[in-house]
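Shown next, in structure tokens, is the structure this report addresses.
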Amino acid sequence: MKNVFVKFFGIAAVFAAITLTSCDSEDPNPIGKENTEVIANLEAGILKGTLKEDYILSASTAYSLTGSFIIDNGATLNIPAGTKILADNGGTDVYIAVLMGGQININGTPGNPVVMSSANGNPGDWGGLTLCGKATTTAGTNAQAEVGGFIYGGTDDTDSSGIIRYLQIVGTGAQISLDSQYNGISFYAVGSGTLVDNVAVINGEDDGVEFFGGTVSVSNLYLQDNWDDSIDWTEGWNGSVTNAYITHTSALVEGFSTVFEGDKDNGNPKFNNITAVSTVGGTALQFKLTSGGTIDGLTLIGYDLDLNMKDGAPTSSVIFNDGYTPVAMVEDDDTTPDVDESIFDFALNTTAVPTITADDFPWVSSDISFESSLLQGAVTGNVTLDASVNYSLNSSYIVQSGGKLTIPAGTKITARNGGTGVYIAVLKGGEIDIQGTAANPVVIASADGNPGDWGGLTICGNATTTAGVDATAEIGGFIYGGTNDTDNSGSVTYLVLKGTGAQINSESQYNGISLYAVGSGTTLENISVISGDDDGIEFFGGTASVTNIYLENNSDDAVDWTEGWNGTITNTYISHSVAGFSTAFEGDKENRNPKFVNVTAISKVGGTALQFKKQSGGTITNLYLEGYDKNIDMKDDGPLANVIIDGNAATTTDAYNTGTKVDISTWTWRNASL
């Protein structure tokens with residue numbers, strides 16, 4: 001944190017002196033004791049005990065929260081703009097609570113917010129702020145809260161617990177038990193008459209905010225590095241959150257739970273304009289039991305998993321008004337079985353540019369920053385990388401329509417081992433310009449280069465495909481396909497990819513390079529894909545052609561095509577030295593007769609070389625195969641006449657070992673490393 005803690009440190013000695021002369025911090029003020037002692041403490045700058053009458057704090061006084069401070073039924077605490085409250089590092093014994101019938105009015109302003117924090121702002125230093133109201137909750141009337149044992153819940157959905165405006169609260173989340181912790185702000189059956197606007201919760205060891213039933217709504221919410229859920233709700237809460245900016249950026253918060261967690265009955269809360277950014281992966285949205293909600297305006301950046309329906313509830317419980325839908329179920333990669341095997345994980349096609357950013361919260365004192373070397377989010381204009389910078393691909397990095405990403409020669413990009421959450425994609429109308437050279441190729445790889453560490457490169461174009469116009473890709477849910485066979489998605493030259501092929505589900509994986517309806521105007525030359533857990537390169541329709549491609553130990557097919565692709569690959573070298581791969585070539589569906597000139601495929605572990613499914617085929621000139629158990633496999637008994645090899649229809653008996661090998665002795669760039 002910047003600014004805030006420096007000020008707190010400056011007044012810490014003053015607090016200590018006040019505490020020593022004014023009250024005994026070991027002798028908490030019991031509920032029911034005369035209010036005169038509580039008022040005397042307040043006059044001395046100490047918040048402790050139970051307030052039973054209205055009181056106004058002074059912004060000129062530096063207050064110390066030394067224990068529990070409870071605003072009783074019928075009492076109102078007014079906190080003016082600029083007030084600072086320093087919480088003792090006292091764990092669960094230090095908190096502020098507003099009981100049913102009590103009110104708190106926090107009247108901060110953009111220039112003078114109210115700040116509540118421990119001295120160092122470390123997670124779990126103190127409890128936080130709890131409000132108890134009289135609105136409805138599925139827990140019933142006069143329910144008992146898990147924090148403090150406070151009573152909450154009634155029948156008045158318009159109940160008011162006061163006003164909270166421009167409040168920054170830091171270092172909360174003290175542990176109560178193995179199953180319970182304080183949150184930054186806990187709303188227990190708080191009614192819609194309560195105004196909550198411009199609130200920041202930073203460095204909480206549990207949730208940022210949690211709603212236990214009630215009808216309260218919140219606008220302009222800033223949540224940074226909260227360890228459990230940023231926004232949590234249960235017991236049928238049916239208010240709304242409008243404009244929220246949520247981040248997970250600290251190494252300390254790497255094991256956080258979620259951005260959203262909904263639980264139990266679905267009161268259909270509303271969420272409008274939500275941006276969440278992670279540099280440490282993790283899960284974005286989680287819904288338990290029958291919970292759900294309606295979300296309008298969502299941007300997720302950097303999360304490994306977008307949507308988790310924890311107990312197998314239907315995704316229809318979660319409504320995305322901006323058109324986002326669960327587009328792919330992600331394999332559960334846990335090493336041990338789940339307690340509940342009906343757990344469903346989904347990716348969302350959330351590629352929108354953020355509607356809410358940190359700039360919308362200039363009043364928040366925060367040390368949050370994003371390294372310029374971190375690649376994630378959306379490319380909307382012209383973005384040019386710097387070859388002298390060691391970049392990290394932390395998440396999805398998506399070139400939007402009208403955007404252009406330029407990657408100069410020699411650029412090295414390390415992809416986080418984040419599975420399906422880490423990839424580069426170019427949408428229809430976007431462009432990528434990879435400018436590698438033989439001496440300085442561009443390298444994009446995971447640190448260890450293990451198969452399936454990350455996704456890969458996906459390019460979507462506007463050329464024709466048998467899937468039709470505006471088809472939906474199996475990976476990412478991206479839209480592709482049109483009528484312009486000369487469409488140009490940019491240029492890719494001298495590119496090395498390693499460790500691609502993250503598993504999406506039992507049927508789908510990312511490829512090293514996926515070309516969805518990419519047109520012939522796109523340049524693709526000198527490309528190497530090594531150790532991919534799925535295909536090296538796959539064409540989904542389109543007319544794109546490739547020159548000089550090196551494919552080594554890709555676990556499925558080295559070259560795969562479908563949906564009527566009819567481009568050309570010139571100079572293909574395929575190497576298999578790891579057993580268990582699928583094929584060197586796999587063609588599927590309709591035959592638009594793609595061309596292959598100079599193909600060399602060598603296996604040290606047997607396997608199948610060329611496989612053609614359904615009616616697929618192609619024309620191959622100068623083929624050399626070596627070491628495969630089966631050279632030609634017509635998977636669905638399609639006509640051999642569809643496969644023309646050196647001028648003749650293919651046979652299942654020829655050795656195909658008389659062609660001239662592709663000379664890769666000059667392809668010294670092909671195995672460049674990070």
Side-chain angles (χ1 to χ4, degrees), residues 1 3-29 33 35-72 75-98 102-109 111-122 125-131 162-172 174 182 184-185 199-203 363 365:
M1 302 302 297
N3 300 330
V4 175
F5 299 139
V6 174
K7 294 177 182 178
F8 280 144
F9 280 130
I11 61 175
V14 176
F15 283 148
I18 291 172
T19 302
L20 287 172
T21 59
S22 301
C23 78
D24 182 356
S25 61
E26 299 299 323
D27 182 20
N29 189 31
K33 193 172 182 179
N35 205 46
T36 54
E37 184 176 341
V38 175
I39 299 299
N41 283 338
L42 289 170
E43 296 297 332
I46 298 169
L47 277 69
K48 184 180 179 182
T50 301
L51 181 66
K52 294 182 175 294
E53 61 185 70
D54 296 351
Y55 192 86
I56 303 174
L57 300 186
S58 171
S60 62
T61 299
Y63 289 93
S64 177
L65 177 64
T66 63
S68 63
F69 185 69
I70 299 172
I71 302 162
D72 206 353
T76 298
L77 177 68
N78 292 286
I79 305 178
T83 302
K84 304 292 190 294
I85 299 174
L86 180 67
D88 277 2
N89 184 356
T92 57
D93 293 329
V94 180
Y95 59 85
I96 297 175
V98 182
Q103 289 198 342
I104 189 169
N105 293 323
I106 298 174
N107 293 302
T109 65
N112 286 292
V114 171
V115 178
M116 301 177 183
S117 176
S118 56
N120 294 319
N122 292 327
D125 278 351
W126 64 293
L129 174 61
T130 296
L131 282 70
I163 297 170
I164 301 176
R165 306 190 75 172
Y166 293 99
L167 168 66
Q168 178 164 312
I169 188 165
V170 186
T172 59
Y182 283 91
I185 304 180
V199 173
V201 182
I202 299 172
N203 291 353
W363 58 273
S365 289

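Below, each value reflects all heavy atoms present in this structure, side chains not excepted, and no hydrogens, waters or symmetry copies.
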Task: Backbone N/O of Gly121 and side chain of Asn203: donor-acceptor pair under 3.5 Å - done: yes
Task: Closest contact, heavy atoms only, Ile85 versus Leu47 - done: CD1-CD2, 4.0 Å
- [ ] Test side-chain contact (heavy atoms from CB on, under 4.5 Å) on Leu86 and Leu65 and set out the steps.
- [x] CA-CA 6 Å; Leu86 180 67; Leu65 177 64; over 6 Å; no
Open item on the list: Within the 4.5 Å heavy-atom criterion, are Ile164 and Leu131 side-chain neighbours or not?
Closed with: yes
TODO: To the nearest 0.5 angstrom, please state how far the CD1 atom of Ile163 sits from the CG atom of Asn105.
DONE: 4.5 Å
Task: Close side-chain approach of Met116 to Ile96, heavy-atom, < 4.5 Å - done: yes
Task: Side chain Tyr63, main chain Ser58, donor-acceptor under 3.5 Å - done: yes
Task: Distance-minimising heavy-atom pair for Asp88 and Ser64 - done: OD1-OG, 3.9 Å
Task: Separation between CG of Leu51 and CZ of Phe69, rounded to the nearest 0.5 Å - done: 4.5 Å
TODO: Answer whether the closest heavy-atom distance between the side chains of Ile169 and Trp126 falls below 4.5 Å.
DONE: yes
TODO: For residues Ala59 and Pro80, report the shortest heavy-atom separation together with the two atoms involved.
DONE: N-CG, 3.8 Å
Open item on the list: Any heavy-atom pair between the side chains of Leu129 and Tyr95 that's under 4.5 Å?
Closed with: no
Task: Residue pair Ile106, Val199: steps toward the side-chain contact (heavy atoms from CB on, under 4.5 Å) verdict - done: CA-CA 10 Å; Ile106 298 174; Val199 173; over 6 Å; no
Task: Heavy-atom pair with the smallest gap, counting every atom of Gly91 and Ala174 - done: C-CB, 3.3 Å
- [ ] Indicate yes or no: at least one non-hydrogen side-chain atom of Ser118 is less than 4.5 angstrom from one of Val170.
- [x] no
Task: Gap separating the CD atom of Glu53 from the OG1 atom of Thr36, nearest 0.5 angstrom - done: 9.0 Å
- [ ] Output yes when a side-chain donor or acceptor of Asp54 lies under 3.5 Å from a complementary backbone atom of Thr76, and no otherwise.
- [x] yes
Task: Partner residues of Ala81 under the side chain to side chain contact (heavy atoms under 4.5 Å, CB included) criterion, sequence neighbours left out - done: Thr109, Asn112
Task: Least distance between heavy atoms, Ala75 atom then Lys52 atom - done: CB-C, 3.7 Å
Task: Partner of Tyr55 by side-chain contact (heavy atoms from CB on, under 4.5 Å), out of Ile39, Ile71, Asn78, Asn35 - done: Ile39
Task: Rounded distance (nearest 0.5 Å) linking atom CD1 of Ile46 with atom CG of Asn41 - done: 5.0 Å
- [ ] Would you please name every residue forming a ring-ring contact (aromatic ring centres under 6.0 Å, His included) with Tyr166, sequence neighbours left out?
- [x] Trp363
